[in-house]
Amino acid sequence: MAHPAPSDVSPSGPATRSPGPVVTALLRLTRYLSQDFLGGPKFLRLSWIINVQKGGTLPVVAALMLVYDNTTTAAWVYLALHGTYGVCWILKDAAFPDRRWDVPITLGGAVMTFVLVLGLYWVLPFLLISDVLGPRPAPGNPLLAAAVGFHTFGVALMLSADSQRYFTLRERRGLITDGLFRYIRRPNYLGEMMVYGSYALLVRHWSAWAILAWVWLVVFVPNMLTTDAALARHEGWEAYRRRTGLLLPWFRR
């Protein structure tokens with residue numbers, strides 16, 4: 001549900017700058033809910049819960065299609081996009097895992113992680129495939145093409161950024177200011193937002209965007225700001241921050 005402390009910062013050096021009282025309080029709450037809720041032994045790993053949800057998406061979407069007898073083009077496209085994204089995530093975790101997810105959590109934390117964040121992602125295919133929204137016209141080819149395009153670019157951006165970050169930090173600590181991080185400080189977040197945004201495009205309902213807004217505002221934004229605050233300890237940070245955007249490039253020299 002929430003990222004642990006950023007792993008791309010050195011444990012030594014000046015103290016980490018605070019991201020602000022509101023963000024700090026929100027992070028403490030989400031970390032409690034996702035890692036310590038109800039207390040007890042921490043015999044689970046956050047990465048296990050994430051991988052179960054990601055890897056389980058393909059069979060879940062296929063089951064929805066079967067239960068609701070929905071074999072429309074939109075349903076098949078959604079299955080292909082969201083299902084293969086889950087497979088790509090599992091492959092990514094096997095090839096270059098993110099140690100931020102490798103934290104012990106309680107059973108209550110696992111439940112809250114799924115209920116408040118991960119499980120909400122499965123609401124999107126439910127909205128699209130079930131009849132809960134009533135009869136609606138099929139999405140046109142331009143919208144299908146846009147969803148596929150956004151999804152493809154988003155997956156490529158996320159995987160490329162995560163792999164660059166993983167292999168760079170394996171060799172050295174500190175700022176990453178080249179490659180995909182040259183103009184954008186969080187290209188991996190941008191990629192994942194594009195991925196899930198493509199699913200909302202297919203759903204074509206405000207509730208899908210409301211779910212994504214909840215995750216992005218409660219989880220993504222605080223973690224991005226916290227990572228920025230942690231990286232501020234490194235030499236060259238201010239110059240790097242001025243010439244880059246958080247999610248969109250500024251192309252400043």
Return a table of donor-acceptor pairs under 3.5 angstrom between the side chains of residues 148-163 and protein atoms on other chains or two or more places apart.
from, atom 1, to, atom 2, distance (Å)
H151, NE2, L81, O, 3.1
H151, NE2, Y199, OH, 2.8
T152, OG1, V148, O, 2.8
S160, OG, A156, O, 2.7
D162, OD1, N188, ND2, 3.3
D162, OD2, K92, NZ, 3.2
S163, OG, L159, O, 3.1
S163, OG, S160, O, 2.8

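Put simply, the side chain of N223 gets close to the backbone of V219: a donor and an acceptor are under 3.5 Å apart. Q35 places no side-chain N or O within 3.5 Å of a backbone atom of T106 that could act as its donor or acceptor partner. Between the side chain of R28 and the main chain of A25, no donor-acceptor pair closer than 3.5 Å is present. A donor-acceptor distance shorter than 3.5 angstrom exists from the side chain of R45 to the backbone of D102, with no hydrogens or angles considered. Of the possible polar contacts, one joining the Q164 side chain to the D178 backbone as a donor-acceptor pair under 3.5 Å is found.
Hydrophobic clustering (ILVMFWY, side-chain heavy atoms < 4.5 Å, transitive): W48 and V103 are in one cluster. Under the 4.5 Å side-chain contact rule for hydrophobic residues, F114 and F43 share a cluster. Clustering ILVMFWY residues whenever any of their side-chain heavy atoms sit less than 4.5 angstrom apart, transitively, puts I90 in a cluster other than the one holding V52. When hydrophobic clusters are built by joining Ile, Leu, Val, Met, Phe, Trp and Tyr residues whose side-chain heavy atoms come closer than 4.5 Å, directly or via intermediates, F96 is not grouped with I50. Hydrophobic clustering places W76 together with L202 (ILVMFWY residues linked when any side-chain heavy atoms are closer than 4.5 Å, directly or through intermediates).
Counting heavy atoms from C-beta on, the side chains of V60 and Q53 never come closer than 4.5 Å. Within the 4.5 Å cutoff, the side chain of T244 has no heavy atoms near those of the I184 side chain. Within the 4.5 Å cutoff, side-chain heavy atoms of D36 are placed close to those of K42. Taking the side chain as every heavy atom from C-beta outward, I176 and L169 approach each other to under 4.5 Å.
W122 and T57 share a donor-acceptor pair across their side chains, judged by distance under 3.5 Å alone.
Nearest heavy-atom pair, Y196 versus L124, reported as atom, atom and distance to 0.1 Å: O-CD2, 4.4 Å. When all heavy atoms are compared, the tightest approach of P222 to L26 is CG-CD2, 3.4 Å. For the pair P139 and L143, the tightest heavy-atom approach, listed with the atom from each and the gap, is CB-CD2, 3.9 Å.
More than 12 heavy atoms of other residues, nucleotides or ligands lie within 6.0 Å of CZ in R136, so this atom counts as buried by the packing criterion. Other residues, nucleotides and ligands place more than 12 heavy atoms under 6.0 Å from the CD atom of E238.
Below 30°, between 30° and 60°, or above 60°: for W216 and W209 the angle between ring planes is above 60°, a perpendicular geometry.
Screening residues 54-72 for salt bridge (Lys or Arg N to Asp or Glu O under 4.0 Å) gives K54-E192 as the qualifying pairs, with residues at least two apart or on separate chains. The list of salt bridge (Lys or Arg N to Asp or Glu O under 4.0 Å) pairs with a residue in residues 217-231, not counting sequence neighbours, reads R185-D228, R186-D228.
Tested against N70, the residues L64, I129, D131 include a single side-chain contact (heavy atoms from CB on, under 4.5 Å) partner, I129.
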